[in-house]
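Report on the structure given below.
Note that the structure is a prediction, hence the values are computed from the model and not measured.
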Amino acid sequence: MSRDHVQSAERPTDDGAAPPGDAEAPFLDLLARGATADAYEQPVLRARAEGRPAERIAALEHAKLLALRVRAELEGRRRREAELSALFETAHDLAGLRDVDAVLQAIVQRARSLLGTDVAYLSLNDPARGDTYMRVTEGSVAARFQQLRLGMGEGLGGLVAQTARPYVTDDYFRDERFRHTTTIDAGVRDEGLVAILGVPLMLGPHVIGVLFAADRRARVFEREQIALLGSFAALAAAAIDTANLLTETRSALADLEHANEIIKDRSGVIERASDVHDRLAELVLRGGGVHDVAAAVSEVLDGTVEFTEADAAPADALEASRAEGHAVPHRDGWIAAVTAGGELLGALVLRGHPGLDPVDQRTLERAAMVTSLLLLARRSAAEAEQRVRGELLDDLLDARDRDPRLLRERAARLRADLDATHVVLAARLDTAAPDADQEADARRRLWSAASHLAATRQGLAAARDGGTVLLLPLAPGDTATDLARRTARHLGTAVHEPVTVGASAPVAHPAADPDAVVAGYEEGRRCLDALRLLGRAGDGAAAEDFGFLGLLLAGDRDIGGFVERTIGQVVAYDARRGTDLVRTLDAYFACGMSPARTKDALHVHVNTVAQRLERVGRLLGDDWQSPARALEVQLALRLHRLAGPAQS
């Protein structure tokens, strides 16, 4: 579209209004030309400069937003098409496999290109030497790095190979989750790598190698990128598996006359495996869940596949599949255990298909593997945040020499504000478990519930001393007692068991004063123990709820607060009115609570004593002379005398 045409399209009609639909015209031209995002501002700016009516400018703004949304959608579709195209091309290379090294090199090249990393590389396990070695690299410039061998469990790659789980680090040399060695660190340093993502190459339940994507700068890999690299890893594993199959086939050609039939059969296996990989890879790229995997495999196998929890699947068949590492027949179908690291996560159950050839059986097994990876990814995301919150709270309680600035930065990444007022809460289950395993499971459930509560309240939680400790913000107008009681009810409901919670006094600035957090935790534990001794299991309380016992429970011995809560109104009344209610109370208790003896001690009429005591009753409440209240009042009077000059 020419500039004259664009300008004429923007020209208003005779009555000053723009023709219908003419606001979209310049943006359609920009979309057609594939213009940059900045160019979409020009029609609006031009209209403003020409003094067009507000309605015209508003229409252009609306059209601009619509056009930008269309542009973003087109960009996203082009990116997804590029990813799927690369997977399809790789699957095509796999189907026509002749040189496994060429296929692996293509996989690594495409992974590096699509993830936009500086380096991509693939390592394979060496069963004879018990380690893993570099097989293919792309973008590498350091010879020592290209010749690295990693022992099982050494470095990030060794950890992936050992655990069969993806690992990612945004700063390799500062990550302590895996074992660093001098040799590996030297090679990584030569290459200049900082951020590394590694995913396992799996053949059935076995890890045969690791596929990596790495950058020479700090970087956070998104979930979609991890899933994409996992898809390439699955194709790489299939390429190696296929190469092994072809090797066996070529060896058989020398001895068997029907070599052509074997090759055709193997080609069919490859094509069917590629189709399954394409379907599962597309699901992972779209962010599908376990039920989406089951639905896709149902179409491929022409049966009904469902994911079930472990306790809902037939126990004998499930255990057999878990032990063998393969799908096993059961009644009119098959069962494939969904496992990870020895943990049973569930099962894929195929119904209405009693006979499976080896290819379909392998399809069901690989679907179970993809299902386990999806479940672990979902769990890992939740557990990672819980673990980080627990580590930060542990640092506040244990490593009190931490830099407050770093504590604040770590808290900010978790949406927590350690400069706000918080309360430290100690929580513990009050139901005795019949054995150690059930007790450990109950504690894990309590920690999980507390971690979820901390995440939703922008607080922190950690397992500690057989229970759980929480650091939660205190809302304006709220009290430590109210927060403790709500927390006890919330956790008790979550774990279906009574949970007792003791709270500290408010802590003003946890990041700047970790010692106050430590003292608050000890105070909360003392309150928790007091609740249990008083038979108030399943309740929540703070030191201020225990009267004079709160002086013993509180970490800061808030004597002034106790005196204020107990006789503060009487002291204030004397100060305002110039009366002697405090002195009268002292004399009353000193004379054994006898008004007659009290009037002699004060040298006043007995009616004066009665009137003063009546006033005290109105200020403190009718039960002020009950044994428990009287004891608190006497203690408060003594502390009040000690805090100031004696009254005559």
Subject >> Short side-chain donor-acceptor distance under 3.5 Å, Ser140 and Gln146 >> reply: yes

Original post:
Do Leu150 and Ser123 come within less than 4.5 Å of each other through their side chains, counting heavy atoms only?
Top reply: no

**OP:** Drop me the distance from Leu228's CG to Leu115's CG, to the nearest 0.5 angstrom.
**Re:** 5.5 Å

Original post:
Charged N to carboxylate O below 4.0 Å: is that the case for Arg48 and Glu41?
Top reply: no

Original post:
Is Arg216 salt-bridged to Glu191, going by a charged N under 4.0 Å from an acidic O?
Top reply: yes

Original post:
What is the distance from atom CG of Leu211 to atom CG of Leu197, rounded to the nearest 0.5 Å?
Top reply: 8.0 Å

Subject >> Flag, side chain of Gln42 to backbone of Ala39, donor-acceptor distance under 3.5 Å >> reply: no

Original post:
Who pairs with Ala420 by side chain to side chain contact (heavy atoms under 4.5 Å, CB included), at least two apart in sequence or on another chain?
Top reply: Asp417, His422

Original post:
Do Leu235 and Val103 touch side chain to side chain, with heavy atoms closer than 4.5 Å?
Top reply: no

Original post:
Is any side-chain heavy atom of Leu201 less than 4.5 Å from a side-chain heavy atom of Leu124?
Top reply: yes

Original post:
To the nearest 0.5 Å, how far apart are CZ in Arg149 and OG1 in Thr183?
Top reply: 12.5 Å

Original post:
Within a strict 4.5 Å, meaning less than it, do heavy atoms of the Val199 and Phe232 side chains meet?
Top reply: no

Original post:
Would you say the side chain of Leu364 lies within less than 4.5 Å of the side chain of Trp334, judging by non-hydrogen atoms?
Top reply: yes

Original post:
So, the side chain of Glu365 versus the backbone of Ala327: is there a donor-acceptor pair under 3.5 Å, distance only?
Top reply: yes

Subject >> Ile107 side, atom CD1; Gln105 side, atom CD - distance, nearest 0.5 Å >> reply: 10.5 Å

Subject >> Atom pair OG1 (Thr304) and CG (Leu350), whose distance is rounded to the nearest 0.5 Å >> reply: 8.0 Å

**OP:** Give a yes or no on whether the backbone of Val207 and the side-chain of Asn125 come within a donor-acceptor separation of less than 3.5 Å.
**Re:** yes

Subject >> Ser451 side-chain N/O to Trp447 backbone N/O, donor-acceptor pair under 3.5 Å >> reply: yes

**OP:** Keeping the roles fixed (side chain from Asp175, backbone from Arg177), state whether a donor-acceptor pair exists under 3.5 Å.
**Re:** yes

Original post:
Do the non-hydrogen side-chain atoms of Arg217 and Val194 ever get within less than 4.5 Å of each other?
Top reply: no

Original post:
Hey, does the side chain of Thr169 reach the backbone of Ala195 with a donor-acceptor pair shorter than 3.5 angstrom?
Top reply: no

Subject >> Sidechain-backbone polar pair: Arg457 side chain, Pro473 backbone, donor-acceptor under 3.5 Å >> reply: yes

**OP:** Drop me the distance from Leu418's CG to Leu407's CG, to the nearest 0.5 angstrom.
**Re:** 7.0 Å

Original post:
Given side chains that start at C-beta, do those of Val108 and Thr137 come closer than 4.5 Å, heavy atoms only?
Top reply: no

**OP:** Answer yes or no: is there a donor N or O on one side and an acceptor on the other, between the side chain of Thr456 and the main chain of His452, under 3.5 Å?
**Re:** yes

**OP:** Would you list the pairs meeting ring pair (Phe, Tyr, Trp, His ring centres under 6.0 Å) in which at least one residue belongs to residues 102-132, sequence neighbours left out?
**Re:** Tyr121-Phe145, Tyr121-Phe212

Original post:
With a 4.5 Å limit on heavy-atom distance, are the side chains of Leu65 and His62 in contact?
Top reply: no

Subject >> Under-4.0 Å salt bridge between Arg219 and Asp118 >> reply: no

